[in-house]
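The structure appears below as structure tokens.
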Amino acid sequence: MTQHYRITLLPGDGIGPEIMAVAVDILKLVAQQLDLSFEFQEAPVGGVAIDATGNPLPDETLQICRNSDAVLLAAIGGYKWDSLPRHQRPETGLLGLRAGLGLFANLRPAKILPQLVDASSLKREVVEGVDIMVVRELTGGIYFGQPKGIFETETGEKRGVNTMAYTESEIDRIGRVAFETARKRGSKLCSVDKANVLEVSQLWRDRITLLAKEYPDVELSHLYVDNAAMQLVRWPKQFDTIVTGNLFGDILSDAAAMLTGSIGMLPSASLGASGPGVFEPVHGSAPDIAGLDKANPIAQVLSAAMMLRYGLNQPAAADKIELAAQQVLDAGYRTGDIMSEGMKLVGCRAMGDALLEALDR
Ligand code: NAD
């Protein structure tokens with residue numbers, strides 16, 4: 001029986017519409033091949049939404065997202081909107097989307113593609129074969145804990161305060177996403193905290209350890225965050241799935257991503273307890289190359305693959321897309337951002353055509 005899905009497309013600004021067009025073509029082809037049916041609905045977010053309505057996340061856009069099975073986002077932002085007040089900035093639309101959909105889990109893979117090993121700043125033997133997923137808690141921890149602010153003390157000196165806090169239920173829900181994610185991968189989960197110093201981390205460790213009883217097939221380990229940072233650059237191949245809080249995850253996911261060396265290749269997923277997830281490239285709207293047919297569409301296409309795997313539970317379709325991306329790189333196609341000697345330089349559209357051809361093979 002044909003599986004039917006409603007997908008909201010948020011192309012956004014800059015290179016967004018160019019890379020989104022490639023991803024949509026790929027999704028249409030894979031749907032034909034695997035007897036899936038996608039109903040796409042496009043909506044404005046970010047700068048385009050500000051221009052059209054004055055609001056970076058119009059209510060109607062959020063409503064369309066809520067009524068869909070998954071949201072595929074490209075990128076938002078650009079010079080034109082940089083000087084607007086904060087509540088009217090494109091980034092505010094993105095935060096509103098995450099909050100509005102209750103997206104508390106951020107999944108950021110860092111996978112070294114064999115064809116791009118030399119783009120990493122680390123040695124070939126250290127990064128070859130690296131395939132890590134960082135699961136970061138996105139809506140709690142020190143970025144949101146109360147009290148926060150800059151207060152005046154009795155002596156008139158200013159004191160800056162943030163609070164790192166997690167409740168048991170917040171830890172459990174991100175823990176479950178992480179164990180489930182590890183199950184879909186190599187079944188190894190490393191929980192990162194600072195339990196030797198922080199009480200909030202001790203609770204984190206206790207809850208994750210308790211949760212592990214429900215997932216006997218997943219091997220759990222724990223690391224302190226300072227050691228985890230060191231191990232990531234020393235021997236990243238020891239990691240399969242990492243779960244951590246908001247602040248540690250922000251830092252470690254960027255470090256892990258850079259092991260791969262190329263921002264135009266990295267997808268991400270943000271998931272909630274129920275309802276649609278948002279799937280988007282890690283990179284921004286690249287206004288410097290917008291409209292020039294120079295953008296690398298692969299991160300967007302791999303975000304569509306993550307949508308199929310983690311949002312719609314269609315791993316076979318995700319596998320096909322990821323394989324096609326490998327094949328175009330094997331064939332030597334490169335956009336400017338990942339170009340190296342002896343390879344074939346192509347633009348965004350030609351890379352899209354090569355991907356379609358590989359998928360059709
Ligand atoms: P950026 O990621 O847009 O660009 C950084 C550099 O990488 C640029 O030189 C760009 O040309 C290049 N690049 C990025 N993606 C590429 C791709 N797919 N193919 C080829 N080259 C690529 O980051 P920035 O320049 O710091 O930000 C530009 C705008 O994007 C800003 O308005 C920023 O706020 C916004 N931004 C949005 C998101 C998002 O939508 N999630 C994330 C980061 C930045």
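In each ligand, atom 1 is the first atom listed, and ligand 1 is the first ligand listed. The basis for the numbers below is simple: all heavy atoms, side chains too, and nothing from hydrogens, waters or symmetry mates.
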If you measure from each heavy atom of Gly78 to ligand 1, is any distance below 4.0 Å?
yes
Winner among Met351, Glu280, Glu91, His283 once heavy atoms are compared against atom 14 (C) of ligand 1:
His283
Hey, are Glu219 and Arg183 close enough for a salt bridge, meaning a charged N less than 4.0 Å from a carboxylate O?
no
When you check the gap from the basic side-chain N to the acidic O, do Lys80 and Asp51 get nearer than 4.0 Å?
yes
Any protein heavy atom sitting closer than 4.0 Å to atom 20 (C) of ligand 1?
yes
Taking every non-hydrogen atom, the tightest pair across Tyr310 and Thr181:
CE2-CG2, 3.9 Å
Could you find the nearest protein heavy atom to atom 12 (C) of ligand 1 and give me its residue, atom name and distance?
Ala286 CB, 4.4 Å
for atom 28 (C) of ligand 1, nearest protein heavy atom and its distance come out as Pro287 CD, 3.4 Å
Among protein heavy atoms, which lies nearest atom 18 (N) of ligand 1, and at what distance?
Asn296 O, 3.0 Å
Electrostatic pair Asp254-Arg108, nearest N-O below 4.0 angstrom
yes
Which of the atoms in ligand 1, numbered in the order shown and given with their element, are less than 4.0 Å from a heavy-atom of Ala295?
19 (N)
Mind listing the closest non-hydrogen atom pair of Ser270 and Asn106 along with its distance?
OG-ND2, 3.2 Å
Under 4.0 Å to a heavy atom of Gly77 - the qualifying atoms of ligand 1, by number
32 (O)
Please say whether Leu94 places an N or O atom under 3.5 Å from an N or O atom belonging to ligand 1.
no
Electrostatic pair Glu168:Arg207 at N-O distance under 4.0 angstrom:
yes
So is Asp288 in contact with ligand 1, going by heavy-atom distances below 4.0 Å?
yes
Is it true that Glu152 and Arg159 make a salt bridge, defined as a side-chain N closer than 4.0 Å to a carboxylate O?
no
Do side-chain atoms of Asp293 reach the backbone of Cys348 as a donor and acceptor pair under 3.5 angstrom?
yes
Provide, to 0.1 Å, the distance between atom 40 (O) of ligand 1 and the closest protein heavy atom, together with that atom's residue and name.
Ile76 N, 3.0 Å
State the atoms of ligand 1, each with its element, that fall below the 4.0 Å cut-off from a heavy-atom position in Ala75.
40 (O)
Flag atom 24 (P) of ligand 1 as yes if some protein heavy-atom distance to it falls below 4.0 Å, otherwise no.
no
Of all the heavy-atom pairs spanning Thr61 and Pro44, show the shortest one and how long it is.
OG1-O, 2.7 Å
Distance from atom 38 (C) of ligand 1 to nearest protein heavy atom, with residue and atom
Gly284 CA, 3.5 Å
Subset of ligand 1 atoms that lie under 4.0 Å from at least one heavy atom of Ile15:
17 (C), 18 (N)
Examine distances only and state if a side-chain atom of Arg136 and a backbone atom of Asn246 form a donor-acceptor pair shorter than 3.5 Å.
yes
N/O donor-acceptor pair under 3.5 Å between Thr153 side chain and Glu157 backbone:
yes
Given the protein's heavy atoms, is any one of them under 4.0 Å from atom 2 (O) of ligand 1?
yes
Which residue and atom name correspond to the protein heavy atom nearest atom 29 (C) of ligand 1, and how close is it?
Ser285 OG, 3.3 Å
Are any non-hydrogen protein atoms located under 4.0 Å from atom 44 (C) of ligand 1?
yes
Below 4.0 angstrom from a heavy atom of Ile289, which ligand 1 atoms are there? Numbered from 1 as shown, please.
11 (O), 20 (C), 21 (N)
Nearest-neighbour protein heavy atom for atom 7 (O) of ligand 1, which is reported as residue plus atom name and distance
Ile263 CG2, 4.0 Å
For the pair Arg349 and Glu18, find out whether any cationic side-chain nitrogen is under 4.0 Å from an anionic carboxylate oxygen.
no
